[in-house]
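As structure tokens, the structure follows; a few thoughts come after it.
This structure is a prediction, so every number in the text was calculated from the model and none was measured.
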Amino acid sequence: MASSTKTKAADRFAALQKRDQAVRHDIEAAARLRAEKMAKLRALRLAKEAEEAAEQKKQAEAKADAAAAKADAAIARKAPKASKAVAAKDAKPAAVKAATVKTDAPKRSRARAAAPAPH
């Protein structure tokens, strides 16, 4: 009788261990599937962010190119006017140019210019 009780207890224990092992296996499989799904979603999100960043960079470059082209066009429109003004300034006589040139000497009052420096 004692041996049959031991066998029944051993069988129940073995069955419990088998069920526990099956449950652990199911839990691990579900965790693995969740981790794979999260990794896939993360990869998709990163790819989308990289694509959006590249698109924003293209748009910024396009805006910069458009602004540069607009500035170049504005300069090109103003350039003929500026060259005419430069040509008109160059047409002044040399004596008038010499009279209008500023000197690098600092301005002094008449009294200081007449008196020597007290060193």
Side-chain angles (χ1 to χ4, degrees):
M1 204 66 175
S3 65
S4 72
T5 310
K6 286 183 182 178
T7 347
K8 288 179 182 177
D11 290 342
R12 282 189 216 134
F13 182 73
L16 285 173
Q17 280 189 330
K18 194 172 186 180
R19 271 188 267 146
D20 287 346
Q21 188 176 9
V23 168
R24 274 193 301 256
H25 178 70
D26 291 343
I27 291 171
E28 289 173 359
R32 185 176 59 249
L33 288 174
R34 273 193 313 266
E36 289 173 358
K37 184 177 178 181
M38 284 180 12
K40 182 180 177 183
L41 291 174
R42 182 177 292 132
L44 289 172
R45 186 184 76 233
L46 291 174
K48 183 179 178 183
E49 288 175 359
E51 184 179 323
E52 288 174 355
E55 184 64 30
Q56 288 177 351
K57 186 176 180 181
K58 281 183 183 179
Q59 289 176 354
E61 288 175 356
K63 284 182 181 180
D65 290 344
K70 187 176 182 181
D72 290 343
I75 290 171
R77 282 189 304 244
K78 292 180 182 180
K81 294 177 185 176
S83 63
K84 289 177 185 177
V86 170
K89 287 181 183 177
D90 289 341
K92 290 182 182 179
V96 175
K97 281 186 182 179
T100 59
V101 174
K102 291 186 177 181
T103 60
D104 290 337
K107 294 183 179 181
R108 294 185 178 181
S109 67
R110 291 183 187 162
R112 291 181 79 191
H119 288 142

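The hydrophobic cluster around Ile27 extends to Val23, counting ILVMFWY residues whose side-chain heavy atoms fall within less than 4.5 Å of a member.
Enclosure of atom CD in Gln21 is not indicated, since only 12 or fewer non-hydrogen atoms of other residues, nucleotides or ligands lie within 6.0 angstrom.
How far CG of Leu41 is from CG of Leu46: 11.0 Å, rounded to the nearest 0.5 Å. Atoms CD and CD, on Gln59 and Glu52 in that order, are 10.5 Å from each other to the nearest 0.5 Å. Within the model, atoms CZ of Arg32 and NE2 of His25 stand 6.5 Å from one another, a figure rounded to the nearest 0.5 Å.
Partners of Arg45 under the salt bridge (Lys or Arg N to Asp or Glu O under 4.0 Å) rule, at least two apart in sequence or in another chain, are Glu49.
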